[in-house]
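Numbers restart at 1 for each chain; the letters A, B, ... are given by sequence-line order, proteins then strands. What you see below is based on every heavy atom in this structure, not just the backbone, and it leaves out hydrogens, waters and symmetry mates.
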Amino acid sequence: MAAFDHDAIELKWQKRWDTDGIFHVTEDADRTKFYNVCMYPYPSGDIHMGHVRNYTYGDLLTRYKMMQGYNVLSPFGWDSFGLPAENAAIKTGIHPRVFTETQIERMTEQIKRLGAGYDWSREIASHRPSYYRWDQWLFLKLYERGLAYKRRSPVNWCPTDATVLANEQVVDGTCERCGSIVEKRDLSQWFFKITDYAQRLLDDLEGLDWPERVVVMQRNWIGRSEGAQFAMDVADSDLSFEVYTTRPDTVFGMTFAVLAPEHPIVPALIEGETVQTEAEVYIAAARAASEVERVAEGDKTGVFTGKYAVNPVNGALVPIYIADYVLMGYGTGAIMAVPGQDQRDWDFATKYGIDIIRTVQPPHEFDGQAYLGDGPAINSGFLDGLYMEAAKAAIIEWLESNGLGVGTVNYRLRDWLISRQRYWGCPIPMIECPECGYVAVPESDLPVIHPDIEDYAPRGQSPLATSPEFVNVACPRCGGPARRETDTMDTFVDSSWYFLRYTDPENSDLIFDPAKAAYWMALDQYIGGVEHAVLHLLYARFVTKVLHDMDLVEVEEPFSRLFTQGMIQMSGGKMSKSKGNVVGPDEFIADYGADALRLYHLFIGPPTDGAVWSDKGVEGTARFLDRVWRLATGEVGEPVERAETDADRSVLSAAHKTLDKVTGDIDRFVFNTAVAALMELTNAATAYAREGARRATLDEVLRLLLLMLSPMAPHMAHELWERLRFGSMLATESWPTPDPALLVDETVTMVIQVNGKVRDRIEVLADIGDAEAEERAMASPKVQGWLEGKQLRKVIVRAPNLVNLVVGE
RNA sequence: GCCGGGAUGGCGGAAUGGUAGACGCGACGGACUCAAAAUCCGUUGUCCGAAAGGACGUGUGGGUUCGAGUCCCACUCCCGGUACCA
């Protein structure tokens, strides 16, 4: 049994924080702001331990920064559009809005029970018209600026769910939810032109205080490469095609060229050739194949077109193949193939008996595969003898001065496909008129509201299309009959700017007041799961840059400092609903209290690492809190009034050293060692109290302990703070500063080593000199036994911590 | 394949190049109790030894250093990301 009634105490303080409004903030030019956000959750209905970990870290920081005097904004909201609500609607007939609001209500209750501090007056939910009208406004602004466009494109299609899937919902080529092999379909889709921002998105990664791996992931995702692009003419024809290469220095080694099966000139190229039928079969198979199948083949396949292309540098004729190892989606969808310097081309050439010409001299014996390293160019005409970089520069200059090609930069980043054929998302505010084409919904007509419909089942088009009242409208331009766009937006659009809406959540005239955004932005700390490393964090950076270019946001980067936490796993592996091993916080809060649960999340291990959940661990932190309670309530031993002794000074010094460590640990975002330090201090103080504490000393130790505990286990810390009459509201106290005089010890343990092995430890004065340290070391009887009959060759002194005596025969 | 991060007791994990294993969990022994729970005290890396003490010990093999879990080189395995990206 807990020694205190955690349930009553926790509810008491949660109510106090709420009625006192201590987390409610406004702009205050006189105070330094700190904007602290945990990624807003999808309202799935129940919070799990991953959420708890997230909000525990966030709240620790909110409270810590508040105590340090910052004006801390810590808001909360809901990423409340999305497929689960729609699936539930299909199954149960309950409207997704009703379903979602119910889930939000339930989760809000759970989150409040954790005691995390938020400014709830700023709560937002992306499914509410007051929010998503600004999604639509944002879409219109992107459209005005040429950053939103519609294009026919192959997309991921799940045959079982009868819907398109986002790339992130395709896991190893299968549908994340039902496991079906994902097909490709050509559909007309809306895109955001994120590729226009590729270079800025890459460059601005530099100044961010982000985990290195996230920066690397984004850099790879953007995938900048430098190379050359040039045209190749098809011999005996007026056709030609562009190729992109990062190795223009190897162009003399080109022995064939390859077109992607989807390349637009392919039909004209094979027209009337003897291989036409064979080629068409191959192309049809490639188009139909899923990504997995196409890659899983392993072996490279292709078809010779019967045509030849001209190598522009030497006029050589090279055979043109169609092969699915060349992708239409990257570069120009066509390549010059140089088997001597590219392993894929090598594999293809050896299979089909194509010539191989080496154009880089390997430094040593090298055979049986392509050579990718550096070396002097060979068999390369005027490039011979040049190393890779020089050869690249020379050939690009040659291509440019002869008007045959250009040096160019290519990105792997694709435009962001934002249309979804779903009901429960933000309607795209566009109207298709047979006369005028696509026409934007006038801003004054926003928001475009969802119609209530009967049947949410996906049938290959958005369920919105089944509502004639929604679909049929007058064209805003010519007034004639027109159709509304029925696709909705990717929910990543909603989440790409919600942190800006928090700065001015009630505004009904503007997406947000630029002055308010200017005060709060950028986020000083953003906390979330690493699964968003690329998608959300890249989209949000993009949208922030667009809004910056519209003069609405001063900063170019939304998230100054990012923390990505490791995942909580159960012993059976990753937590998931389907495995039935999801553990929620409720039962632990009921048994041990929110403070013990929070403390265990802090203590479980380094925040960046994943962790395996252990029920026993919560018992451990609960026991620790019990010990704090007994210490503070005098159960261990009542203190007395008396003069100060060495024992008193020693425990006070321990408290200040703990403060120094805890402060440093929190600043470094390492919480497990901070909790361990508080446990040590509590153990020391308990032993001290048991032997008869001096009242003034114990009070000071307790005062510091509770201040440090306040951001971690706020309920108990507040209760004890009040009971000990230290003050009425701990959360608004100042974070203490350690007394430097109490951080240094008078004496320290000096280690004496012989040949690097510890042979003795002695107490010495902290300010001992090198000479005296050596003298004391030599005087140690234990050490002398090890020196007997040996020659002292060297003495290393690191006073006052260590003396190492190096001896030999 | 490439990129990033790891490997320390029975377990989670601590250790600015200077006492390896803090703190916690578990386990064992004891106190309290009619008994149990809770709490408190003690022990807890391995091996040798009655003890004092000693030897060994941070994935593997080398190296640098008076001294290496920490730095360097080579490797093994694990986790995460990504992949015919020309």
Kindly point out which of C84(B), G54(B), U39(B) is positioned nearest to the side chain of Arg630(A)?
U39(B)

Can you tell me whether the base of G80(B) sits syn or anti, using the 90° cut around 0 to define syn?
anti

Which atom pairs link the protein and nucleotides 30-32 of chain B when you take only N or O atoms and keep those under 3.5 Å?
none

Please determine if a side-chain N or O atom of Arg623(A) lies less than 4.0 Å away from the OP1 or OP2 oxygen of A38(B).
no

Distance to the ring centre below 6.0 angstrom and angle to the axis at most 45 degrees; does that hold for Lys300(A) and Phe348(A)?
no

Rounded distance in Å - CZ (Arg798(A)) to P (G67(B))
13 Å

How long is the line joining CG of Leu805(A) and P of G18(B), in whole Å?
19 Å

Contacts of Tyr600(A) meeting side chain to side chain donor-acceptor pair (under 3.5 Å) (sequence neighbours excluded), chain-then-number -> none

Check every strand shown and say whether Gly620(A) touches a base, only sugar-phosphate, or nothing at a heavy-atom separation below 4.0 Å.
sugar-phosphate

Determine: side-chain N/O of Tyr330(A) to OP1/OP2 of A86(B), distance under 4.0 Å, yes or no.
yes

By nearest atom, which of the nucleotides U82(B), C3(B), U19(B) is closest to the Val751(A) side chain?
U19(B)

Of the nucleotides A86(B), C40(B), C66(B), which one has an atom closest to the side chain of Ile796(A)?
C66(B)

Taking atom C1' in both G80(B) and C84(B), what distance in whole Å separates the two?
22 Å

Need one value for Arg219(A): base, sugar-phosphate or nothing, where a base atom within 4.0 Å counts as base even if backbone is also close, heavy atoms only.
nothing

Classify the nucleic acid contact of Arg690(A) as base, sugar-phosphate or nothing, counting any heavy atom under 4.0 Å across all strands shown.
sugar-phosphate

Provide, to the nearest angstrom, the distance between the CZ atom belonging to Arg793(A) and the C1' atom belonging to U65(B).
17 Å

I'd like to know if Lys794(A) reaches the base of C66(B) with its side chain such that a donor and an acceptor end up less than 3.5 angstrom apart.
no

With sequence neighbours excluded, give me every salt bridge (Lys or Arg N to Asp or Glu O under 4.0 Å) pair touching residues 405-417 of chain A.
none

Side-chain donor-acceptor pair present, Asp345(A), Tyr325(A), cut-off under 3.5 Å
yes

Position toward the 5' end of RNA chain B (nearest nucleotide), Leu802(A) or Arg344(A):
Leu802(A)

Apply side chain to side chain donor-acceptor pair (under 3.5 Å) to Glu774(A) and list each qualifying residue two or more places apart in sequence or on a separate chain.
none

Could you tell me whether Ile604(A) contacts a base, only the sugar-phosphate backbone, or nothing, with contacts defined as non-hydrogen atoms closer than 4.0 Å?
sugar-phosphate

Tell me whether the rings of Phe492(A) and Tyr539(A) are parallel (<30°), tilted (30 to 60°) or perpendicular (>60°).
perpendicular

Apply salt bridge (charged side-chain N to carboxylate O under 4.0 Å, His left out) to Glu389(A) and list each qualifying residue two or more places apart in sequence or on a separate chain.
Lys392(A)

Taking the P atom in each of U70(B) and U60(B), what is the distance between them to the nearest angstrom?
11 Å

Lys300(A) NZ to A86(B) P, straight-line distance once rounded to whole Å:
14 Å

Just list the side-chain donor-acceptor pairs under 3.5 Å for residues 668-680 of chain A, sequence neighbours left out, or say none.
residue, atom, partner, partner atom, Å
Arg668(A), NH1, Asp665(A), OD1, 2.7
Thr673(A), OG1, Asp665(A), OD2, 2.9

Glu775(A): salt bridge (charged side-chain N to carboxylate O under 4.0 Å, His left out) partners, not counting sequence neighbours:
none

With sequence neighbours left out, write down each residue that passes side chain to side chain donor-acceptor pair (under 3.5 Å) with Glu638(A), or none if nothing qualifies.
none

Expressed in angstrom and rounded to an integer, what is the separation of Arg414(A) atom CZ from A83(B) atom P?
12 Å

Partner set under salt bridge (charged side-chain N to carboxylate O under 4.0 Å, His left out) for Asp7(A), not counting sequence neighbours:
Arg113(A)

Contacts under 3.5 angstrom, residues 796-807 of chain A side chains, donor-acceptor by atom type, not counting sequence neighbours:
residue, atom, partner, partner atom, Å
Asn804(A), OD1, Gly756(A), N, 3.0

If we take the C1' atom in both G24(B) and G13(B), what is their distance in whole Å?
9 Å

If we take the P atom in both A37(B) and A31(B), what is their distance in whole Å?
14 Å

Do the rings of Tyr321(A) and Phe304(A) sit parallel, tilted or perpendicular, given the 30° and 60° boundaries?
tilted

Say we look at G69(B) and G57(B): how far apart would their P atoms be, to the nearest angstrom?
10 Å

Is it the case that G5(B) (base atoms only) and Arg213(A) (side chain only) share a donor and an acceptor within less than 3.5 Å, ignoring hydrogens and angles?
no

Does a side-chain N or O from Lys757(A) land closer than 4.0 Å to OP1 or OP2 of C56(B), or not?
yes

Atom pairs under 3.5 Å, N or O on each side, protein against nucleotides 20-23 of chain B: can you list them with distances?
residue, atom, partner, partner atom, Å
A22(B), O2', Glu680(A), OE1, 3.3
A22(B), O2', Glu680(A), OE2, 3.3

Nearest-angstrom distance from the residue atom CD of Gln218(A) to P of U82(B)
13 Å

Whole angstrom value for the distance that separates P of G24(B) from CG of Asp626(A)
14 Å

With heavy atoms under 4.0 Å as the rule, sort Asn801(A) into base, sugar-phosphate or nothing.
nothing

If only side-chain N and O atoms count, and only distance matters, is there a donor-acceptor pair under 3.5 Å linking Tyr688(A) with Ser650(A)?
no

Nearest to the side chain of Asn804(A), heavy atoms from C-beta on, is which of A86(B), G67(B), C25(B)?
G67(B)

Rounding to an integer number of Å, can you tell me how far Glu212(A) CD sits from C3(B) P?
14 Å

Per Val806(A) side chain, nearest of listed nucleotides A86(B), A55(B), C66(B)
C66(B)

So what's the dot-bracket for RNA chain B: Watson-Crick or G-U pairs under 3.5 Å, [ ] if a pair crosses, | if it pairs off-strand?
(((((((..(((.....[....)))((((((.......))))))((((....))))..(((((..]....))))))))))))....

